[in-house]
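Below, chain A is the first sequence line, B the second, and so on; all start at residue 1.
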2 protein chains.
Amino acid sequence: MTISTEETAAPAPQEGGAACPMDYILRMLMGPWTTYIVYNLRAFGPQRFGELKRRVAGISAKMLTERLRTLEGAGLIKRDYEATIPPKVTYSLTPRGHELDEVLEKLGEVAVRWQAEDRAARKTELKAA
Amino acid sequence: MTISTEETAAPAPQEGGAACPMDYILRMLMGPWTTYIVYNLRAFGPQRFGELKRRVAGISAKMLTERLRTLEGAGLIKRDYEATIPPKVTYSLTPRGHELDEVLEKLGEVAVRWQAEDRAARKTELKAA
DNA sequence: CTCTGCAGTTACGATTTGGTACCTACTTGA
DNA sequence: TCAAGTAGGTACCAAATCGTAACTGCAGAG
């Protein structure tokens, strides 16, 4: 996958190189649950593992761990480990993570609009039938 | 996956219902190539199948077909079939598809910024070493 | 007369993915 | 003494995904 910002048909580096800026960011967000986790971290603030897992509802511990590690590796979230007993691990968005706020907000707007439109369309459909 | 727009912890419908507006839209964009296809359709205007395939570079005909059908089903793109010989099939964004413009743009901005930052960081790293 | 391109579809097969179950080590509470 | 909760790690297995190759029917080019 390669997305150019230029309007002039980027020659598409077949080597799979990260020549395109969107590439990286999309791979990050595309994973299952990923956007949802970021969204929750943003909406409810820093959270501990168990809290987050309960909130996401349906995700397995394995998935959550993997996603969190990936996000951490990308510098989108921060992992604070307190070696108490029992251990406390708190996850929070980094400044970089917060740079997605606007995108998520825009996406949310569109999503809400579409949902409303679809609901209206269904109602009309029912009336017609 | 369920994302609430409310700040008040949506009770998370376990039935997998589409109670959350982000849900639907994310599933749509999350598929591989999907965003890239939409991006290309936006950047280069309506395109025929072969054109698009050449532009995306790396995608298989099967994938492209499948993605296009999904996007069509979601009402994001329009499929114009001309039964000439050889047949011409042109794909274009619908008004609904264009509603993603802003999101894609925002995403692009972030992507470019991160890429620049990372490049700068790598340069500093090299200097330090 | 065969080759190519159009816009796909289909079958097959390998890889990846994601879930389930079970394990850690330690403390608190019953 | 036994169970539960903390934050995971590991192994295994079924299912979904994605690529490859081969097929469609027809026309124009060589």
What pairs of donor and acceptor atoms, side-chain ones from residues 57-76 of chain A against any protein atom, are under 3.5 angstrom apart with sequence neighbours left out?
from	atom 1	to	atom 2	distance (Å)
A:S60	OG	A:M63	N	3.3
A:T65	OG1	A:A61	O	2.8
A:R67	NH1	A:T34	OG1	3.1
A:T70	OG1	A:E66	O	2.8

Separation of atom CD in A:E82 from atom C1' in C:dC26, rounded to whole Å | 16 Å
Can you tell me if A:T94 uses its side chain to pair, donor with acceptor, with the backbone of A:K78 under 3.5 Å?
-> no
Would you confirm whether A:Q47, through its side chain, and A:N40, through its main-chain N or O, come within 3.5 Å as a donor-acceptor pair?
->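 Yes; at least one donor-acceptor contact below 3.5 Å.
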Single-linkage hydrophobic cluster B:Y81~B:I85, side-chain heavy atoms < 4.5 angstrom |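 As far as the 4.5 Å side-chain criterion goes, B:I85 and B:Y81 are not connected within one cluster.
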Given protein heavy atoms under 4.0 Å, the one-letter contact record of nucleotides 4-21 of chain D, with B base, S sugar-phosphate only and - none, is simply --BSSS--------BBB-
Acceptor/donor pairs from residues 116-125 of chain A side chains to any protein atom, 3.5 angstrom cut, sequence neighbours excluded:
from	atom 1	to	atom 2	distance (Å)
A:E117	OE1	B:R96	NH2	2.8
A:D118	OD1	B:R96	NH2	3.3
A:T124	OG1	A:A120	O	2.9

